[in-house]
K.L.:
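This is the structure I have questions about; it appears just below.
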Amino acid sequence: MMAAADLATWMPVPVAAVTIWLVLACLMPRLPRRAQRRAGWTLALAGVPVLGLSTLNWGPGAGMLCLGLGLLLLLRRPAPRRAAPAAAPEGQP
């Protein structure tokens, strides 16, 4: 059985934590507008331990990279959907 300190430095734990956080952050723009604010705060609060765990395991450079990626995902505006181009009428080139 692993001790709690050993579990924090076991490699699959931070990889899984970062991956789950990234997937949830990418799905956040798909939520209804009123739920996005709560999801953003929840992701920010859950991201602090994930950031600490990644910094502990991979060093300060990777920790700063994870911080930048997290800020980018949380603060960016999703691109508006583009309308499909209208089909040209038959007989027109």
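Heads up: numbering here begins at 1 and tracks the sequence.
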K.L.:
Cluster question for you: counting only ILVMFWY and a side-chain heavy-atom cut-off of under 4.5 Å, with indirect links fine, are I20 and L22 together?
P.N.:
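Yes, one cluster joins them.
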
K.L.:
Would a hydrophobic clustering, with Ile, Leu, Val, Met, Phe, Trp and Tyr connected at side-chain separations under 4.5 Å, put L73 with L31?
P.N.:
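Yes; L31 is reachable from L73 via cluster members.
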
K.L.:
Indicate the atoms forming the closest heavy-atom contact of P60 with T55, along with that distance.
P.N.:
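Here P60 and T55 meet closest at CA-CG2, 4.1 Å.
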
K.L.:
Heavy atoms only: give me the nearest L51-G63 pair and the separation to one decimal.
P.N.:
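Shortest heavy-atom contact: CD1-O, 3.2 Å.
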
K.L.:
Do the non-hydrogen side-chain atoms of W58 and L53 ever get within less than 4.5 Å of each other?
P.N.:
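Side chain of W58 against side chain of L53, heavy atoms only: no contact under 4.5 Å found.
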
K.L.:
Same cluster or not: are V23 and L45 linked, directly or through other Ile, Leu, Val, Met, Phe, Trp or Tyr residues, by side-chain heavy atoms under 4.5 angstrom apart?
P.N.:
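Not linked; separate clusters.
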
K.L.:
Does M28 form a side chain to side chain contact (heavy atoms under 4.5 Å, CB included) with L74? I'd like the steps, not just the answer.
P.N.:
CA-CA 9 Å; M28 187 180 75; L74 287 179; 4.2 Å; yes

K.L.:
Going only through I, L, V, M, F, W and Y residues with side-chain contacts under 4.5 Å, is there a path from L67 to L65?
P.N.:
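Different clusters.
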
K.L.:
Looking at every heavy atom in both T19 and V15, which two are closest together, and how far apart are they?
P.N.:
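Closest heavy-atom pair between T19 and V15: OG1-O, 2.7 Å.
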
K.L.:
Nearest 0.5 Å please: distance from the CG atom of L69 over to the OG atom of S54.
P.N.:
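Rounded to the nearest 0.5 Å, the CG-OG separation comes out at 10.5 Å.
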
